[in-house]
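Scroll down for the structure; my scribbles are underneath it.
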Amino acid sequence: MKSKVVSMDHYVIRGGNVLRGEVEIGGAKNAALAILAAAIMTDETVTIENMPDVRDTNVLLDAMAGIGVHIERVDRHTVKINGSMVQNVNIEYELIKKIRASYYLIGALLGKYREAEVPLPGGCNIGSRPIDQHLKGFRAIGADVKIDHGSIVATAEKLIGAHMYMDVVSVGATINVMMAASMAEGKTIIENAAKEPHVVDVANFLNSMGADIKGAGTDVIRIRGVEKLHGATYSIIPDQIEAGTFMFAAAVTKGDILVKDVIPKHLESITAKLLEMGCEVEELDDAVRVRYTGELHSTQIKTLPYPGFPTDMQPQAGITLALSEGVSTITESIFENRFRYVDEIIRMGADIKVEGNTAIITGVKGLTGAHISSPDLRAGAALVLAALSADGVSVVDDIHLIERGYEDFDVKLRALGGLIERVSDEEEIQKFRLRTQAI
Ligand code: EPZ
């Protein structure tokens, strides 16, 4: 499926409905992006299942096809990949601008071909997002890495395992170095490694291709390099951030949602905060049920690397605290510009002050609908939750940013009772207003 051209679509939402029912969670975007890149490290065919059909994965697949990877889309969530025909190891700038995670192709191409040239990813709307730790790791295993005309050029006669220490806990650097080291000679140890579930998923995927990686999920990952990797069939873990977003949707709309096809353990820090805020959370084998119990209490949240509270859930928690009785604080310790939803939700009546990397939130009784725009992927999703809880109609612009990481977001919310539609112009917005007035 070609990645859709960015259309200036909008969500139009009439808030106030309680969300009730069941929602099925898709594959983890942040595991899928790395796994798709890693799939080209073998010349045999790899089948990836439970892949989320979102803009980011579709753009990355288009890009991989652009360097000669054979891509067969079996269905929305299943793709066969064969990297034997990769012609060049030079990724186009246009591509990396669209999807930062194409930098995972450096680790994959360096590991397999001992060379890679990928344009430096720019910052993005949540912060500067340096990749110094990625480059430090590649150099540690023997690659010569230089920045040349805006591109990272990594080459290596040989890749030799090394013992390296990450200066900061980085999901991307941990995964990228793990990929390159999986085909280096000898043993690599990555200390201060990221422990996110998607780091573990990438390690499990590489091991299913014949790699020898131990310790993923702890802060010390041990990799014994192998000569070759073989084909595999692999199913991606559920997306803990999509799951968490729907868990908070139950809280803000005073609802009751069964979030299915999840791994409850991955959601523990999210569950803990919803309980503190007064929600009821029931953990089942592969589902969690979140129920609003009549009020929401203030609390304190600090984002941390896993297993701490995820930075990707910070905006959704902020919106919920804006509706919780009392004064709450959220401290964003991972990215430097992740409060961009605050200006938008203040226009809906929230009472939030941002001081440095902390937001001080005074709960209000309710929000009112407004014309808002999505500043980035997770802030956009959070603003949709705010609009679903608000009195009146909201229009959310720049929803292509939301669709980077949420599959059928409006469809899933509508199935739970949300009055939300994807529209392209003013006329459709007016029709929605009239049609939903009565409801
Ligand atoms: C991944 O980004 C995710 N993206 C992000 O999700 C997520 O917020 C982040 O991990 C943290 O969990 C993908 O997986 C595609 P980091 P990544 O390297 O790997 C600093 C979403 O909404 N750092 O763990 O780029 C960095 O500045 C996205 O789905 C360095 O200093 O995050 C940040 O402060 C948003 N040097 C901190 O580490 C480096 O070389 C954590 O970044 C790398 C990172």
Side-chain angles (χ1 to χ4, degrees), residues 26-38 52 54-57 59-60 96 98-107 120-140 145 147 152 164-180 190 192-202 219 236-237 239-245 266 269-270 303-317 331-338 340-341 357 374-382 401-407 409:
K29 164 180 87 82
N30 292 343
L33 293 172
I35 286 171
L36 291 176
V54 294
R55 185 182 306 283
D56 273 8
T57 48
V59 166
L60 182 58
I96 193 116
K98 277 197 270 189
I99 169 91
R100 280 176 52 80
S102 36
Y103 61 32
Y104 283 134
L105 290 168
I106 307 173
L120 257 175
C124 83
N125 31 27
I126 59 173
S128 65
R129 305 192 74 181
I131 60 165
D132 55 306
Q133 299 300 304
H134 299 238
L135 308 188
K136 172 181 175 178
F138 296 145
R139 289 182 176 121
V145 182
I147 309 295
I152 301 158
M164 71 145 315
Y165 191 94
M166 291 286 182
D167 300 328
V168 290
V169 175
S170 161
V171 168
T174 301
I175 290 175
N176 229 345
V177 175
M178 187 168 71
M179 283 204 276
I190 303 175
N192 201 24
K195 302 185 276 194
E196 271 70 3
H198 35 292
V199 172
V200 178
D201 211 27
V202 178
D219 55 6
I236 292 173
I237 54 166
D239 192 314
Q240 78 187 111
I241 306 303
E242 185 194 15
T245 304
H266 291 169
S269 64
I270 298 166
T303 64
L304 289 168
Y306 190 86
F309 192 86
T311 173
D312 291 351
M313 286 302 307
Q314 186 262 98
Q316 300 89 317
T331 301
E332 171 56 62
S333 73
I334 309 288
F335 290 112
E336 61 268 29
N337 190 17
R338 211 161 193 176
R340 298 177 63 217
Y341 63 95
N357 67 345
S374 171
D376 59 66
L377 163 58
R378 305 302 175 183
L401 291 171
I402 301 173
E403 294 178 336
R404 284 186 45 203
Y406 289 89
E407 180 184 310
F409 196 39

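What's counted below: heavy atoms across the whole structure, side chains too, no hydrogens, waters or symmetry copies. Note that ligands are numbered from 1 as they come in the structure, with each ligand's atoms numbered from 1 the same way. Given the structure is predicted, the values throughout are model-derived calculations rather than measurements.
Residues D201 and I236 have side chains in contact (heavy-atom distance under 4.5 Å, counting atoms from C-beta outward). In this structure, the side chains of M313 and R378 stay at 4.5 Å or more apart for every pair of heavy atoms. You'll find the side chain of I106 stays beyond 4.5 Å of the side chain of H134, heavy atoms only. Within the 4.5 Å cutoff, the side chain of F409 has no heavy atoms near those of the E242 side chain. Two residues are said to be in side-chain contact when any heavy atoms from C-beta on lie closer than 4.5 Å; Y406 and K29 fail this criterion. Taking the side chain as every heavy atom from C-beta outward, P310 and T303 never approach each other to under 4.5 Å.
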One pair to check against side chain to side chain donor-acceptor pair (under 3.5 Å): Q316 and Y341. What are the steps and the verdict?
CA-CA 10 Å; Q316 300 89 317; Y341 63 95; over 6 Å; no
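Counting only heavy atoms of the protein, atom 32 (O) of ligand 1 lies nearest to F335 CZ, 3.9 Å. The protein atom (non-hydrogen) at minimum distance from atom 36 (N) of ligand 1 is D132 OD1, 2.8 Å. From the protein, the heavy atom lying nearest to atom 17 (P) of ligand 1 is R129 NH2, 3.6 Å. Of all protein heavy atoms, the one lying nearest to atom 20 (C) of ligand 1 is V168 CG2, 4.1 Å. Ranking protein heavy atoms by distance to atom 18 (O) of ligand 1, first place goes to S170 OG, 2.7 Å. When hydrogens are left out, the protein atom nearest atom 39 (C) of ligand 1 is P130 O, 3.1 Å; that is the closest non-hydrogen contact. Here the protein heavy atom with the shortest distance to atom 5 (C) of ligand 1 is D312 OD2, 3.8 Å. Among protein heavy atoms, the minimum distance from atom 19 (O) of ligand 1 is reached at G172 N, 2.8 Å.
Polar contact check, I334 against ligand 1: a nitrogen or oxygen pair lies under 3.5 Å apart. Taking only nitrogen or oxygen atoms, main chain and side chain alike, E336 does not reach within less than 3.5 Å of ligand 1. At a 3.5 angstrom cut-off on N or O pairs, V171 counts as close to ligand 1. For ligand 1, the polar-atom distance check against N30 finds a nitrogen or oxygen pair separated by under 3.5 Å.
Counting atoms of ligand 1 from 1 in the listed order, those under 4.0 Å from a heavy atom of R338 are 8 (O), 22 (O), 35 (C). Under a 4.0 Å criterion applied to the non-hydrogen atoms of I131, ligand 1 contributes the atoms 39 (C), 40 (O). Atoms of ligand 1 lying under 4.0 Å from at least one heavy atom of I126, given by number and element, are 35 (C). Atoms of ligand 1 lying under 4.0 Å from any heavy atom of Y103, numbered from 1 in the order shown and given with element: 17 (P), 19 (O), 25 (O). Those atoms of ligand 1 that come under 4.0 Å of a heavy atom in T311, given as number and element, are 8 (O), 11 (C). For ligand 1, the atoms lying closer than 4.0 Å to a non-hydrogen atom of Q133 are 36 (N), 39 (C), 40 (O). Applying the 4.0 Å criterion to heavy atoms of H134 picks out, from ligand 1, the atoms 40 (O). If you number the atoms of ligand 1 from 1 as listed, the ones under 4.0 Å from a heavy atom of K29 come out as 21 (C), 29 (O).
Side chain of E403 to main chain of V54: no donor-acceptor pair is present (N/O by atom type, distance under 3.5 Å, no hydrogens or angles). Formation of a donor-acceptor pair under 3.5 Å by the S374 side chain with backbone atoms of I402 is not found in this model. Side chain of N176 to main chain of G107: a donor-acceptor pair is present (N/O by atom type, distance under 3.5 Å, no hydrogens or angles).
A salt bridge links R404 to D56: one of the charged nitrogens lies within less than 4.0 Å of a carboxylate oxygen.
Between E332 and the options T311, N357, N337, a side chain to side chain donor-acceptor pair (under 3.5 Å) holds for only T311. When each of D312, V199, I175, D239 is checked for a side-chain contact (heavy atoms from CB on, under 4.5 Å) with N30, only D312 meets the rule.
Looking at R378 against ligand 1, only its side chain comes within 4.0 Å, counting heavy atoms.
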